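Below: the structure, in structure tokens.
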Amino acid sequence: QVQLQESGGGSVQSGGSLRLSCGVSAASYCMAWFRQAPGKEREGVAIIDSTGATDYADSVMGRFTISQDNAKNTLYLQMNSLQPEDEAMYFCAADAGLVRRRCVMGVKEFNYWGQGTQVTVSS
């Protein structure tokens, strides 16, 4: 079973930056970051496959960057120009797949999840 552990969350002012990390216990073809704010559904933020191909939610395009270090089994999310609407619990997710395929950024596409790390943005 794949285990994931997020870190790097915290409190920042609007316009600030944070870098989230996710340690992963095993390789997975599709990996992604999701977030969930109080009273809202969990939503996809960014996704990456093992070839390095990425995609982003429209709301974070141009501000967030997802990346990975396969040698270290670590996933990252660089978040710049943070806004209050970005405030949420951020989750790392992996599908545990090994076969090359199209990665879809939906909650039901991922089998393994971290516990989350809180991001707070003050205006």
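In this text, all values refer to a predicted model and were calculated from it rather than measured experimentally.
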Validation: residues 10-18 side-chain donor-acceptor distances under 3.5 Å, sequence neighbours left out:
| unit_1 | atom_1 | unit_2 | atom_2 | d |
| --- | --- | --- | --- | --- |
| Q13 | OE1 | S122 | OG | 3.3 |
| Q13 | NE2 | S122 | OG | 3.4 |
| S14 | OG | S122 | O | 2.9 |
| S17 | OG | N80 | OD1 | 2.9 |

Run the side-chain donor-acceptor check on residues 66-73: report pairs under 3.5 Å with partners two or more places apart or on a different chain.
| unit_1 | atom_1 | unit_2 | atom_2 | d |
| --- | --- | --- | --- | --- |
| Q68 | NE2 | D49 | O | 2.9 |
| D69 | OD1 | A71 | N | 3.2 |
| D69 | OD1 | K72 | N | 3.3 |

Identify every side-chain donor-acceptor pair in residues 99-108 under 3.5 Å, counting partners at least two apart or on other chains, and give the distances.
| unit_1 | atom_1 | unit_2 | atom_2 | d |
| --- | --- | --- | --- | --- |
| R101 | NE | D95 | OD2 | 3.4 |
| R101 | NH2 | D95 | OD2 | 2.5 |

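Qualifying ring-ring contact (aromatic ring centres under 6.0 Å, His included) partners for F34, counting only residues two or more places apart in sequence or in other chains: F110, W113. Remark: Q5 engages no residue in a side-chain contact (heavy atoms from CB on, under 4.5 Å) (not counting sequence neighbours).
Taking 4.5 Å as the limit, some side-chain heavy atom of F64 sits within range of a side-chain heavy atom of L82. In this structure the side chain of L20 never reaches within 4.5 angstrom of the side chain of C22, judged on heavy atoms. Here the side chains of Q36 and F91 are in contact, with some heavy-atom distance below 4.5 Å.
Applying the salt bridge (charged side-chain N to carboxylate O under 4.0 Å, His left out) rule to pairs touching residues 74-93 yields R35-D86, R63-D86, sequence neighbours excluded.
Annotation for Q118: atom CD counts as buried by contact number, over 12 foreign heavy atoms lying within 6.0 Å.
Considering all non-hydrogen atoms of both residues, W33 and S21 come closest at CH2-O, 3.7 Å. Scanning all heavy atoms of the two residues, the minimum distance from Y29 to T51 falls at OH-CG2, 3.6 Å. Nearest heavy-atom pair across A88 and A37 is CB-N, 3.9 Å.
Rounding to the nearest 0.5 Å places OH of Y76 at 11.5 Å from SG of C92. One finds the CG atom of L77 at 11.5 Å from the CE atom of M31 (value rounded to the nearest 0.5 Å).
Follow the hydrophobic side-chain contacts under 4.5 Å out from M61 and you never reach I47; the two are in separate clusters. Cluster annotation: V119 is connected to L4 through the hydrophobic network of ILVMFWY side chains, with a link wherever side-chain heavy atoms come within less than 4.5 Å. The hydrophobic clustering, which links ILVMFWY residues whose side-chain heavy atoms are closer than 4.5 Å, places L75 and V60 together.
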